K.L.:
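One structure coming up, written as structure tokens, with questions to follow.
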Amino acid sequence: MDPVRVDPLVHELGTTDGHRLVLLSVEVYDDVADLRFARIDDDGTTPLARRVPAADAWAIAIDGRRATIIDAVGRGDRGFSNGEVRFRPPPPPGATLQVRAALAPDAPPLHATFDLPDAP
């Protein structure tokens, strides 16, 4: 499976309960997309969980329409981890994405709205 395009993001969603979330890129394939992210321990009271937030901890909307989250996987340790959230449909160039992520139990979720680059 080869990507159709890769949209670089480096978009920081913020910090909640000492868990910082940075969106790195969106890899777009024919029928799915992967949102790549990094989680960084920011001296929170609760260390990062070894597992990245599960699929049900994420919500993505494309131009106001909710995407289907297929899976969320990752790797790392209690100081840093990275991973991806697979969703469908893949967003078109220039789409507006809304991302919401619940990183820690009982902590408010992080959310952001941003536009993907237009097609070259």
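Computed from a predicted model, the values in this text were never measured in an experiment.
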K.L.:
Does one hydrophobic cluster hold both Ile69 and Val26, with members joined at side-chain heavy-atom distances below 4.5 Å?
P.N.:
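Yes; tracing contacts between hydrophobic side chains, which count when under 4.5 Å, links both residues.
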K.L.:
Tell me every residue that passes side-chain hydrogen bond (donor to acceptor under 3.5 Å, both in side chains) with Glu84, counting only those two or more places apart in sequence or in another chain.
P.N.:
Arg36
K.L.:
With heavy-atom distances below 4.5 Å as the criterion, would you say the side chains of Val4 and Pro90 are in contact?
P.N.:
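No; the side chains remain at least 4.5 Å from each other.
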K.L.:
Mind listing the closest non-hydrogen atom pair of Ser25 and Val6 along with its distance?
P.N.:
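The pair with the smallest heavy-atom distance is CB-CG1, 4.2 Å.
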K.L.:
Applying a strict under-4.5 Å side-chain criterion to I, L, V, M, F, W and Y, I'd like to know whether Phe87 and Leu24 cluster together.
P.N.:
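No, it is not one cluster - the side chains of Phe87 and Leu24 are not joined through contacts under 4.5 Å.
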K.L.:
At what distance, to the nearest 0.5 angstrom, does CG of Leu116 lie from OG1 of Thr96?
P.N.:
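Nearest 0.5 Å value for the CG-OG1 distance: 8.0 Å.
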K.L.:
If you compare all heavy atoms of Pro92 against all heavy atoms of Ile62, which two are closest, and at what distance to 0.1 Å?
P.N.:
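Smallest interatomic distance, heavy atoms only, reads CD-CG2, 4.1 Å.
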K.L.:
Output, in order, the C-alpha distance, side-chain angles, deciding distance and verdict of side-chain contact (heavy atoms from CB on, under 4.5 Å) for Leu35 and Leu23.
P.N.:
CA-CA 7 Å; Leu35 174 65; Leu23 303 181; 4.0 Å; yes
K.L.:
Taking atom OG1 of Thr15 and atom CZ of Arg39, what is their separation to the nearest 0.5 Å?
P.N.:
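Those atoms lie 13.0 Å apart.
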K.L.:
So which heavy atom on Arg66 is nearest to which on Ala59, and how close?
P.N.:
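The pair with the smallest heavy-atom distance is NH2-CB, 3.9 Å.
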K.L.:
Checking side-chain contact (heavy atoms from CB on, under 4.5 Å) against Phe37, which of Asn82, Leu9, Leu21 comes through?
P.N.:
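The passing option is Leu21.
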K.L.:
Tell me the closest heavy-atom pair linking Pro53 and Leu103, and the distance in Å.
P.N.:
CG-CD2, 3.6 Å
K.L.:
Flag the pair Thr16 / Pro109 as yes when at least one side-chain heavy-atom distance between them is below 4.5 Å, and no otherwise.
P.N.:
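No, side chains not in contact.
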K.L.:
With rounding to the nearest 0.5 Å, note down the distance linking CG in Asp71 to CZ in Arg86.
P.N.:
8.0 Å
K.L.:
Quick check on the hydrophobic clustering: are Phe80 and Val22 connected, directly or via other members, by side-chain heavy-atom contacts under 4.5 Å?
P.N.:
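Yes, same cluster.
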K.L.:
Give me the atom names and distance for the closest heavy-atom approach of Ala112 to His11.
P.N.:
CB-NE2, 3.6 Å
K.L.:
Enter the distance from Asp41:CG to Asp77:CG here, rounded to the nearest 0.5 Å.
P.N.:
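That separation rounds to 9.5 Å.
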K.L.:
CD1/Ile40 to CZ/Arg20 distance, rounded to the nearest 0.5 angstrom?
P.N.:
4.0 Å
K.L.:
Answer with yes or no whether the hydrophobic clustering places Leu110 together with Phe114; edges join I, L, V, M, F, W, Y residues whose side-chain heavy atoms lie under 4.5 Å apart.
P.N.:
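Yes, Leu110 connects to Phe114 through the hydrophobic network.
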